[in-house]
Amino acid sequence: MKTKKISIVLPVFNEANSLPLLWQRLDAVIKQSAYPFEVIFVDDGSHDQTTEILYDIQNKNAGVVKFVRLSRNFGHQQALTCGIESALGQAVILMDADLQDTPEALPNLIAKWEEGFEVVYAIRTDRKEFFIKRWAFSAFYRLQAKMIEIKLPLDAGIFSIMDKKVVDQLKSMGERNRYLPGLRGFTGFKQTGIKIERGARHAGEPKVSLAKLFKLAMDGIFSMSYVPLRLANYLGLCIASGSFVIALWALYTKFFTDQASPGWSSNLAGTFFIGGVQLVFLGILGEYLGRIYDEVKGRPYYIIDQKVGFEEDHAS
Ligand code: UDP
Ligand code: MG
């Protein structure tokens with residue numbers, strides 16, 4: 001038996017139908033491994049049977065399983081952050097609780113970590129999701145890569161193992177509106193990816209709504225990049241040079257031709273265009289301003305209602 005403990009963090013929101021099978025498969029993997037584990041479930045304000053099931057799993061596996069119940073539903077990234085901050089292992093594994101992240105792939109992640117990589121993330125080879133969602137993800141990762149300065153892996157989400165070095169850095173980052181794959185990449189160290197097929201959701205509907213996914217995608221860009229702000233400059237320059245060309249053309253028609261003056265429709269189109277562009281960039285300013293406002297308010301990122309199974313840590 002190795003001495004280094006590994007923590008597994010799983011955010012859970014209304015996953016009563018997935019939890020029994022998830023635990024069965026995870027438990028089998030843990031029992032096969034040479035490492036001692038702590039498994040931290042973060043119950044993100046579930047209102048189905050999730051909490052009872054977690055109590056039960058914890059009760060039967062005290063010493064390995066711990067769970068934190070948040071005071072309400074805060075969100076996927078918040079629940080993950082809470083789990084990371086409660087974890088004590090020499091490495092922390094992040095995975096979803098709906099069985100899209102295959103428990104049987106954990107030994108592969110761990111083996112790479114043992115080779116000396118501080119971060120090993122899963123590269124999704126096959127998303128079993130509706131094709132529009134797959135395209136949207138793919139487009140987002142590629143757009144993001146163009147906009148941010150640090151290099152993040154394409155098609156890698158939260159499923160990963162991180163060394164304590166990386167986890168300590170994440171714990172020290174106090175920012176809200178967190179995009180964990182971005183912050184994980186930001187820490188640096190030796191990072192690598194391994195291909196792991198992404199399974200289908202075991203039961204129920206996705207718990208991260210499309211609106212929340214959109215917000216996360218925005219965080220993934222706005223919290224990592226100034227490029228959207230700079231776009232205003234570039235576009236402004238382009239439009240200004242365009243108007244200069246138009247002015248030259250107007251002078252030419254006035255002095256060298258006898259054509260009638262151009263119609264009002266082109267004028268109106270120009271006005272609408274500029275108006276639209278201004279609104280878009282006001283919106284972009286708003287995105288940054290809202291995020292700054294969140295930081296200034298300094299509210300907690302999540303609120304814990306209850307922690308179960310952490311007692312031994314305090315005793316030792
Ligand atoms: N989840 C959570 N809080 C939420 C939404 C989701 O803790 O507000 C959990 C959920 O139970 C699952 C994981 O986060 O374990 C990923 O959620 P989901 O499968 O809905 O996301 P997707 O796979 O569609 O990105
Ligand atoms: Mg899922």
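Reckoned from all heavy atoms, side chains included, excluding hydrogens, waters and symmetry mates. Remember, predicted model here, so these are calculated numbers, not experimental data. Atoms within a ligand are numbered from 1 in the order they appear, just like the ligands themselves.
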(request) Just go through Ile158, Leu213, Asp96 and tell me whose heavy atom is the nearest to atom 16 (C) of ligand 1. (result)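 That would be Asp96.
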(request) Using the six-membered ring wherever Trp is involved, compare the ring planes of Phe222 and Tyr288 and label them parallel, tilted or perpendicular (cut-offs 30° and 60°). (result)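 Rings of Phe222 and Tyr288: perpendicular, as their planes differ by over 60°.
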For [atom], closest protein heavy-atom neighbour:
{"atom": "atom 23 (O) of ligand 1", "value": "Gln100 OE1, 2.6 Å"}
{"atom": "atom 14 (O) of ligand 1", "value": "His76 CD2, 3.1 Å"}
{"atom": "atom 1 (N) of ligand 1", "value": "Phe13 CB, 3.7 Å"}
{"atom": "atom 25 (O) of ligand 1", "value": "Arg198 NH2, 4.2 Å"}
{"atom": "atom 18 (P) of ligand 1", "value": "Arg201 NH2, 3.4 Å"}
{"atom": "atom 20 (O) of ligand 1", "value": "Lys207 N, 2.4 Å"}
{"atom": "atom 21 (O) of ligand 1", "value": "Val208 CG2, 3.5 Å"}
{"atom": "atom 4 (C) of ligand 1", "value": "Asp44 OD2, 3.4 Å"}

Under 4.0 Å from a heavy atom of [X]: give me the atoms of ligand 1 that qualify, with their elements.
{"X": "Asn73", "value": "3 (N), 4 (C), 8 (O)"}
{"X": "Glu15", "value": "10 (C), 11 (O), 12 (C), 15 (O)"}
{"X": "Pro206", "value": "20 (O), 24 (O)"}
{"X": "Val12", "value": "7 (O), 11 (O)"}

Determine whether the side chains of [X] and [Y] contain a donor N or O and an acceptor N or O closer than 3.5 Å.
{"X": "Ser46", "Y": "Asp48", "answer": "no"}
{"X": "Glu114", "Y": "Tyr35", "answer": "yes"}
{"X": "Arg291", "Y": "Ser223", "answer": "no"}
{"X": "Asp43", "Y": "Thr51", "answer": "yes"}
{"X": "His47", "Y": "Asn73", "answer": "no"}
{"X": "Glu175", "Y": "Tyr301", "answer": "no"}

(message) Using a strict threshold of under 4.0 Å (side-chain N to carboxylate O), is an ion pair present between Arg198 and Asp101?
(response)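 Yes, charged N to carboxylate O under 4.0 Å.
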(message) Is it the case that the side chain of Asp163 and the backbone of Lys165 share a donor-acceptor pair, with hydrogens and angles ignored and the cut-off at 3.5 Å?
(response) yes
(message) Counting C-beta onward and ignoring hydrogens, is there a side-chain heavy-atom pair between Glu52 and Tyr55 closer than 4.5 Å?
(response) no
Based purely on interatomic distance, does [X] place a nitrogen or oxygen under 3.5 Å from a nitrogen or oxygen of ligand 1?
{"X": "Phe137", "value": "no"}
{"X": "Pro11", "value": "yes"}
{"X": "Ala97", "value": "yes"}

(request) Kindly give the heavy-atom pair with the smallest separation between Val120 and Leu109, and that separation in Å. (result)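 Result for this residue pair: O-CD2, 3.6 Å.
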(request) Have a look at Asp98 and say which of its N, O or S atoms is nearest the Mg ion (ligand 2). (result) OD2
(request) Please state whether Gln77 comes within less than 4.0 angstrom of ligand 1, counting heavy atoms only. (result) no
(message) Would Lys212 count as a contact residue for ligand 1, given that I'm defining contact as a non-hydrogen atom of the residue lying under 4.0 Å from a ligand atom?
(response)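 Judged by the 4.0 Å heavy-atom criterion, Lys212 does count as contacting ligand 1.
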(message) Tell me whether Lys215 at atom NZ has more than 12 heavy atoms from other residues, nucleotides or ligands lying less than 6.0 Å away.
(response)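 Yes, enclosed.
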